[in-house]
Amino acid sequence: MPSLQRSEENGYVGARRRLVERLREQGVRDPRVLEAVSEVRRHLLVDEALRDQAYEDVPLPIGDRQTISAPGIVAAMSEALELEGDETVLEVGTGSGYQAAILSRLAARVISIERIPGLANRARSALDMLGVTNVVVHLGDGSRGRPSEAPFDAIIVTAGGPKVPEPLIEQLAPGGRLIGPFGPRGQQELIRVRRKPDGEIVRESLGPCRFVDLVGEHGWMG
Ligand code: SAM
């Protein structure tokens with residue numbers, strides 16, 4: 001690697017270390033999640049002009065009026081999924097591929113769905129560039145889930161819908177967890193849904209949040 005590129009990469013390592021400290025102060029505890037944040041090169045997933053902001057705890061534009069979520073919410077949602085490493089996870093809303101890259105280090109397999117073709121293609125290339133091999137990106141309406149590959153141990157929805165899509169609850173394995181932003185546009189609650197081993201469904205709110213729209217059959221109309 002040329003020396004300028006090497007010193008840039010070293011700078012990003014330091015920026016990631018500071019980000020991890022900030023997330024720890026904000027209450028993220030799971031060491032596997034913190035390690036994943038310290039390793040995933042988020043600067044490679046944003047426009048070159050935005051790279052110096054890549055390790056600030058902010059969402060950034062990725063084109064098509066969509067965003068790469070802020071690292072803090074990515075870490076908090078990843079932690080709330082309580083992953084141990086052997087799970088199959090469904091992600092709705094691939095976007096840049098950042099959340100999928102984090103999940104790839106926390107679970108065995110990630111199936112991610114994106115509705116915008118250009119973003120799905122870019123995310124596939126980005127995940128390849130990051131050396132991620134256990135994430136598959138599909139193009140489609142993730143609000144319907146992916147019945148052919150269900151049930152899932154965990155489901156993460158990274159766009160805000162009016163309510164938890166019923167097909168996603170149906171595709172949750174016994175003991176599985178689903179997390180996502182649901183409620184009125186622009187002022188959702190982060191909701192976690194658990195399917196207990198006996199099949200009972202339990203919902204809890206983890207606080208307010210703000211995401212771009214989940215657009216689809218079980219989301220908002222496009
Ligand atoms: N997880 C992404 C990341 O790490 O960069 C950020 C996701 S961005 C906040 C929300 C994404 O959800 C957008 O890329 C949007 O196109 C996508 N989306 C919205 N509705 C969708 C749907 N029904 N199915 C699949 N993707 C959807």
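In listed order, ligands and their atoms are each counted from 1. FYI, side chains are in, hydrogens and waters are out, and symmetry mates aren't considered; it's all heavy atoms of this structure.
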_Polar side chain donor-acceptor pair, Thr158 to Gln99, under 3.5 angstrom_ =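 Thr158 vs Gln99: no donor-acceptor pair found between side chains.
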*asked:* Just to verify, what does His218 make a ring pair (Phe, Tyr, Trp, His ring centres under 6.0 Å) with, not counting sequence neighbours?
replied: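 Listed in chain order: nothing, the list is empty.
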*Taking only residues two or more places apart in sequence, or in another chain, which ones meet Leu206 in a side chain to side chain contact (heavy atoms under 4.5 Å, CB included)?*
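Only Ala80, Ile179, Leu190, Arg192, Glu204 meet the side chain to side chain contact (heavy atoms under 4.5 Å, CB included) criterion with Leu206.
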Compile the donor-acceptor pairs under 3.5 Å between side chains in residues 54-62 and protein atoms, sequence neighbours left out, one pair per line.
residue, atom, partner, partner atom, Å
Tyr55, OH, Arg16, NH1, 3.0
Tyr55, OH, Arg42, N, 2.9
Tyr55, OH, His43, N, 3.1
Tyr55, OH, His43, ND1, 2.7
Asp57, OD1, Gly72, N, 2.7
Asp57, OD2, Gln26, NE2, 3.4

*For the atom pair CG (Asp64) and CD1 (Ile116), what is the distance rounded to the nearest 0.5 Å?*
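Output value for this atom pair is 4.5 Å.
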Any protein N or O within less than 3.5 Å of an N or O in ligand 1? List each pair with its distance, or say none.
residue, atom, partner, partner atom, Å
ligand 1, 1 (N), Glu91, OE2, 3.1
ligand 1, 1 (N), Gly93, O, 2.9
ligand 1, 1 (N), Thr158, OG1, 3.1
ligand 1, 4 (O), Gln99, N, 2.9
ligand 1, 5 (O), Ser96, N, 3.0
ligand 1, 5 (O), Ser96, OG, 2.6
ligand 1, 14 (O), Glu114, OE1, 2.7
ligand 1, 14 (O), Glu114, OE2, 3.4
ligand 1, 16 (O), Glu114, OE2, 2.6
ligand 1, 20 (N), Val215, N, 2.9
ligand 1, 23 (N), Asp141, OD1, 2.9
ligand 1, 23 (N), Val215, O, 2.7
ligand 1, 24 (N), Gly142, N, 2.8
ligand 1, 26 (N), Arg115, N, 3.3

*Is there a chain of hydrophobic side chains (I, L, V, M, F, W, Y, each step under 4.5 Å between heavy atoms) that links Leu45 to Leu50?*
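In one cluster with Leu45: Leu50, yes.
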